[in-house]
Amino acid sequence: MPKVITRFAPSPTGFLHIGGARTALYNWLFAKRHGGDFLLRIEDTDRARSTEAAISAISSGMEWLGLNWSGDAVSQFERSSRHREVAESLLEKGAAYKCYATAEETAAVRAKAREDGTAFRGDMWRDKTPDAETAARPYAIRLKMPREGSTTIDDLVQGTVTVENTELDDMILLRSDGTPTYMLAVVVDDHDMDVTHVIRGDDHLNNAFRQYQVLSAMGWDIPAYAHIPLIHGPDGKKLSKRHGALGVDAYAEMGFLPEAMRNYLLRLGWSHGDDEIIPTEQAIEWFNLENIGRGPARFDFDKLDNLNAHYLRKMNSEEILPLVKNELEKSVGQALSDIEQKRILRAMPTVAERAKRLPDIVEGASLFCNIRPLSLTEKAANTLSGQEAMIGGVANELAAVTNWTAEMIKAAIMSFAEARDLKLGKVMQPIRAAVTGGAPSGDLVDLLEILGQEEVLGRLSDQAAA
RNA sequence: GGUCCCUUCGUCUAGUGGCCUAGGACGCUGCCCUUUCACGGCGGAAACACGGGUUCGAGUCCCGUAGGGAUCACCA
């Protein structure tokens, strides 16, 4: 088997959406799996809709996802003279012809076909010779589709799919203004770039038959095709802005990890038995086209959250901190002091354990900054009401602790509780409420130790005074 | 409407004729652990779209019906 070459070929008319990201991931994974190359080509032949902003959004999205491509991204637009060359040669071979139909004429034929319930063939000028006047008009170049037989694609995902050639239209290769269409450009570019496997959304399945005919008219090899189902929104409808049709940058902003995203996208429509947690290294080893499902999958935030939480728990404190530092400082309102940073690093494992997304970490970690006075949740306020005197007492007891360690803190609280004949929980609960304001947190004694005596006493006295 | 594709718990899926009284995961939920919240552990509810075949035997094969999706541009 020759070296595997795959490619991702988005049109730069918007951000890199989730479906495109998955397509890119599958192409990348497949190339990696077979030691091949993964290429990026920007399909920017539609000059009116293509933007620089979209191009950079796509590359930064792919970089964030860790999908690196070989060489420079290819601009399809810049290759238009080569496309034109191929169209001309098809014309010379008699495999294509000039079409002088106007937009109105074409629209009329199309409407008629639709009405008759037949396929639009676009063959108004097939096998016709223009008179002198018409010949002077601008013309488009159409492919002369075979009218006999059928075309079969052995799709690696969809299986063997056959379509009658009479269903295929004489599609336009070169527009009347001389610019190549997508249908021509993809075929030429994939051929010139030596692409061996075309892995793309199944919205292109119908195009594959038409592209096949261009390939065979040129006598070129047919690449292997794998048309993967699209991703739908939670309601089963096509993804829209309301759902997950956000750019990958939006997911980055929501606080998802690239590794979690890759794992989620991989499992959405592909499986390896009962395996759910599949780190990228493992995915490269396992990925194949055969196990891609044939039905469209729905996007599910809950599962993404779950995966994200999993990968978050596996990270080191030192790895997480830089990811949240900026947001943390923004939320606290000032740069992190060394002391705060140390507290956060110590508390990180327990903070990460109850977080799903990065913002949860910001919230949990901010508890370890100097943020007095704390705002209380309703529940915390209830726990505290009527306990002001006790909190004051506890504060006094803790103020007397000379060696601020978990053991000493715990001993102080226990002796306080015993002296008043109170159950430990009766004392612990209000302390927690006063010190955390009701935010989720781990072991209370550890929390007090990490926070430091001064900050703890401060927070307690805030509530004792209230 | 034409053409093509698809159909297992709410969701992602395992399943390639007997191992399926259908398995896993997310979500939901009961209990345990516990000073809170989590994590974790042990349970629970929850699906083969429908109707016909083929077969000793069908979630698995065939046909039909219904539903869903894609596409039908001088967009990509």
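Side-chain atoms are counted along with the backbone in the values below, which use heavy atoms only and exclude waters and symmetry mates. None of these values were measured; they are calculated from a predicted model. Labels below follow one simple rule: chain letters A, B, ... track the order of the sequence lines, proteins then strands, and each chain is numbered from 1.
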* Asked: Which base sits across from B:A38 as a Watson-Crick or G-U pair, both distances under 3.5 Å?
  -> none
* Now, which nucleotide makes the Watson-Crick or G-U wobble pair with B:C74, with each of the two distances under 3.5 Å? -> none
* Atom CG of A:D202 to atom P of B:C72: distance rounded to whole Å? -> 13 Å
* Write down the distance between CD (A:E378) and C1' (B:U36), rounded to a whole number of angstrom. => 17 Å
OP1 or OP2 of [N] under 4.0 Å from side-chain N/O of [X]:
X: A:S271; N: B:A14; value: yes
X: A:R142; N: B:C74; value: yes
X: A:R110; N: B:C74; value: yes
X: A:S441; N: B:C37; value: no

* To do: May I ask you to test the A:V351-A:I320 pair for a side-chain heavy-atom distance under 4.5 Å?
  => no
* Under 4.0 angstrom, heavy atoms only, what part of the nucleic acid is A:L268 near: base, sugar-phosphate, or nothing? -> sugar-phosphate
* With heavy atoms under 4.0 Å as the rule, sort A:R294 into base, sugar-phosphate or nothing. => sugar-phosphate
* To do: Evaluate side chain to side chain donor-acceptor pair (under 3.5 Å) for A:N165 paired with A:E148, printing each intermediate quantity in order.
  => CA-CA 6 Å; A:N165 288 155; A:E148 306 283 312; over 6 Å; no
* To do: Would you please classify the geometry between the A:Y225 ring and the A:H227 ring as parallel, tilted or perpendicular, with 30° and 60° separating the classes?
  => parallel
* Asked: Would A:D44 and A:S75 count as having a side-chain donor-acceptor pair, cut-off 3.5 Å?
  -> yes
